[in-house]
Amino acid sequence: MKRAIVGGLAGAAILMTALTAGAETDLDAYTRASRTMIKALAEDLQAELKDAIEASGPVAAIELCNVKAPTIAGRNTEDQVWSIGRTSLKYRNPNNAPNPWETSILQSFEARKAAGEDPAAIDHAAIVMRDGKRVIHYMKAIPTAEICLNCHGGADVKPEVTAKLAEFYPDDHARGFHVGDIRGAFTIVQPVE
Ligand code: HEC
């Protein structure tokens with residue numbers, strides 16, 4: 001997971017630059033920077049999963065799909081705090097359950113995919129109110145790849161993996177996915193001054 005965090009931090013630096021250049025409300029700049037950051041995080045995560053599964057099998061790799069949503073403090077002001085996480089309509093960890101706004105965006109992602117958009121390119125950024133504060137909320141669809149089926153597939157998931165998942169996640173909804181499905185979304189929240 002170290003690599004994922006490093007990738008995330010490098011991306012965050014780009015993101016901060018986009019915002020501290022006086023572009024707090026420039027959604028285009030924010031979206032571009034968010035894409036860079038999420039791309040690095042997603043690639044690192046997938047590479048790490050692949051290495052671990054090849055080296056020790058999917059049971060040992062289970063804990064690796066837990067992105068420790070890094071909270072990255074801003075460089076200039078102490079209250080400029082990022083939160084990065086993942087969510088899904090069919091989530092595994094209840095801590096990743098979407099809020100109502102995220103649910104509606106995830107549903108719109110499904111509609112966009114059904115209308116022919118490539119899930120790898122589906123994202124959305126908006127300024128919304130959270131707890132009385134204006135925040136920029138970015139979401140990026142996460143497509144399901146072949147490797148993900150080791151733990152998010154259907155009946156083909158190995159029994160020992162199913163057993164381990166049942167132990168940690170008794171109310172797991174994140175099964176039965178196919179390659180190309182939207183597995184969920186990365187989500188980034190940044191307060192707007
Ligand atoms: C080795 C097993 C394993 C593999 C392979 C795997 N995952 Fe996961 N995934 C998990 C576990 C376990 C969790 C719950 C992590 C947590 O507790 O936050 C999870 C959670 C997630 C979540 C967060 C939302 C939720 O359901 O809680 C997303 C999104 C996700 N995985 C996407 C993927 C994608 C995309 C791939 C393929 C690139 C993948 N996973 C491969 C085991 C796996």
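Given the structure is predicted, the values throughout are model-derived calculations rather than measurements. As the structure lists them, so they are numbered: ligands from 1, and atoms in each ligand from 1. Start at 1 with the first residue, then count along the sequence.
Within ligand 1, counting atoms from 1 as listed, the ones closer than 4.0 Å to a heavy atom of Y169 are 12 (C), 14 (C), 15 (C), 16 (C), 17 (O). Shown in contact with I53 at under 4.0 Å from a heavy atom are these atoms of ligand 1, numbered in order with element: 5 (C). Distances below 4.0 Å separate heavy atoms of P58 from the following atoms of ligand 1: 1 (C). In the vicinity of I142, heavy-atom distances shorter than 4.0 Å reach the ligand 1 atoms 29 (C), 35 (C). Of all atoms in ligand 1, listed by their number and element, those nearer than 4.0 Å to a heavy atom of A61 are 1 (C). Ligand-side atoms of ligand 1 in range of C151: 1 (C), 2 (C), 3 (C), 4 (C), 5 (C), 42 (C), 43 (C), range being under 4.0 angstrom from any heavy atom.
Contacts of I62 with ligand 1, taken as heavy-atom pairs under 4.0 Å, involve both backbone and side chain. Contacts with ligand 1 closer than 4.0 Å are made by no heavy atom of H173, backbone or side chain. Counting heavy atoms closer than 4.0 Å to ligand 1, residue L45 contributes nothing at all. The parts of R92 lying near ligand 1 are both backbone and side chain, judged by heavy-atom distances below 4.0 Å. Contact annotation: for N93 versus ligand 1, heavy atoms closer than 4.0 Å belong to both the backbone and the side chain.
Between Q46 and ligand 1, no pair of N/O atoms sits closer than 3.5 Å. Between R183 and ligand 1, a contact under 3.5 Å exists for at least one N or O pair. Among the atoms of Y91, none of the N or O lies under 3.5 angstrom from an N or O of ligand 1.
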**Q.** Residue pair T187, H137: steps toward the side-chain hydrogen bond (donor to acceptor under 3.5 Å, both in side chains) verdict
**A.** CA-CA 7 Å; T187 164; H137 197 144; 2.6 Å; yes
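Using a non-hydrogen distance threshold of 4.0 Å, F168 does not register as a contact of ligand 1. Residue contacts with ligand 1 do not include T144, since none of its heavy atoms lies under 4.0 Å from the ligand. Residue contacts with ligand 1: A145 is excluded, as none of its non-hydrogen atoms falls under 4.0 Å. Using a non-hydrogen distance threshold of 4.0 Å, V59 does not register as a contact of ligand 1.
Closest heavy-atom approach to atom 22 (C) of ligand 1 among the candidates R175, R86, K50: R86. When E43, E146, H152, K90 are checked for heavy-atom proximity to atom 6 (C) of ligand 1, H152 turns out nearest.
Below 30°, between 30° and 60°, or above 60°: for W101 and H124 the angle between ring planes is between 30° and 60°, a tilted geometry.
The 12-atom threshold is exceeded at CD of E167, counting heavy atoms of other residues, nucleotides or ligands nearer than 6.0 Å. Heavy-atom contacts from other residues, nucleotides or ligands closer than 6.0 Å to NE2 of H173 number more than 12. Within 6.0 Å of the NZ atom in K164, the count of heavy atoms belonging to other residues, nucleotides or ligands does not exceed 12.
Classification of E54 and K50 as a salt-bridged pair holds, one side-chain N sitting under 4.0 Å from a carboxylate O.
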